[in-house]
Amino acid sequence: RVITIDSSNDDNVLTLTSADSGAIIFVFATNGLNINLPAVGTETGMWFTIIMGDKDTKALTVKTSGQDGADNIILQNTLTVAETDVLTLGVDASSGLLEGSKVELLNFVGGTNELWLANVISTDTVAPTIA
């Protein structure tokens, strides 16, 4: 399944459900995008792939279902390995996000302390961060 996000809103919000697991989220918006991951109970193994299909001039933010410090995203990229509940692929005014940046998300622990693994390949000079 492919979910396409365009520039129909000032800032897009996509709230995923467990039924969306396996979806590719294709982004060609020129505005900000906030993606809310589903709450995970015992059905671990959900996964999503986000592809930046066009140059974006605002940030992409991915959040766990609860931003209380208990659910976390573990970020893996060539620069850092860290852990928190919000992942942001930021932009700078001169370059934005270039086509082809990719975020793969895999849930491997559910319940009150969810863990998601985020593997980020950024084709721009802006590195992903977590907060």
Side-chain angles (χ1 to χ4, degrees):
R1 174 171 180 219
V2 176
I3 301 170
T4 302
I5 304 295
D6 60 17
S7 296
S8 59
N9 301 310
D10 289 336
D11 285 303
N12 290 305
V13 175
L14 174 62
T15 300
L16 298 167
T17 68
S18 58
D20 295 318
S21 180
I24 296 172
I25 297 103
F26 180 62
V27 181
F28 65 99
T30 56
N31 49 21
L33 174 59
N34 296 309
I35 296 178
N36 298 318
L37 296 170
V40 180
T42 58
E43 68 279 5
T44 59
M46 284 187 272
W47 59 277
F48 305 95
T49 300
I50 304 165
I51 303 289
M52 303 305 293
D54 201 355
K55 194 168 190 170
D56 194 345
T57 58
K58 293 187 181 176
L60 164 68
T61 302
V62 178
K63 298 178 181 179
T64 60
S65 63
Q67 288 89 62
D68 56 6
D71 300 334
N72 286 299
I73 298 170
I74 298 172
L75 173 64
Q76 289 184 266
N77 67 20
T78 57
L79 299 176
T80 186
V81 174
E83 182 175 325
T84 192
D85 52 16
V86 177
L87 166 71
T88 301
L89 211 59
V91 298
D92 65 31
S94 63
S95 64
L97 295 175
L98 296 179
E99 296 84 352
S101 293
K102 178 178 172 183
V103 179
E104 294 176 323
L105 296 156
L106 171 65
N107 168 262
F108 61 96
V109 174
T112 58
N113 296 307
E114 295 174 16
L115 283 176
W116 291 82
L117 179 63
N119 187 356
V120 178
I121 300 171
S122 178
T123 57
D124 202 347
T125 58
V126 181
T129 60
I130 54 176

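- Contact annotation: the side chain of V103 approaches that of L60 to within less than 4.5 Å [non-hydrogen atoms, C-beta and beyond].
- You'll find the side chain of F26 stays beyond 4.5 Å of the side chain of M52, heavy atoms only.
- Residues that satisfy the side chain to side chain donor-acceptor pair (under 3.5 Å) test with T4, not counting sequence neighbours, are absent from this structure.
- Note that CH2 of W116 and CD1 of I74 are 12.5 Å apart. Values are rounded to the nearest 0.5 Å.
- Between G110 and T44, the closest heavy-atom pair is N-CG2, 3.2 Å.
- With contacts defined as side-chain heavy-atom distances shorter than 4.5 Å, the pair N107/W47 does not qualify.
- Remark: E104 pairs with K102 by the salt bridge (charged side-chain N to carboxylate O under 4.0 Å, His left out) rule, at least two apart or across chains.
- Between D20 and R1 there is a salt bridge, with a side-chain nitrogen of the basic residue lying less than 4.0 Å from a carboxylate oxygen of the acidic one.
- Counting heavy atoms from C-beta outward, F108 and L117 have side chains that approach closer than 4.5 Å.
- We find the OG1-CD1 distance between T49 and I25 to be 7.5 Å, quoted to the nearest 0.5 Å.
- The shortest side-chain heavy-atom distance between L14 and I3 falls under the 4.5 Å cut-off.
- What you find for L105 and A118 is that their closest heavy atoms are CD2-CB, 3.7 Å.
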Donor-acceptor contacts under 3.5 Å from residues 34-43 side chains, at least two apart:
residue: N36; atom: ND2; partner: T15; partner atom: OG1; Å: 3.3

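- V86 places none of its side-chain heavy atoms less than 4.5 Å from the side chain of I73.
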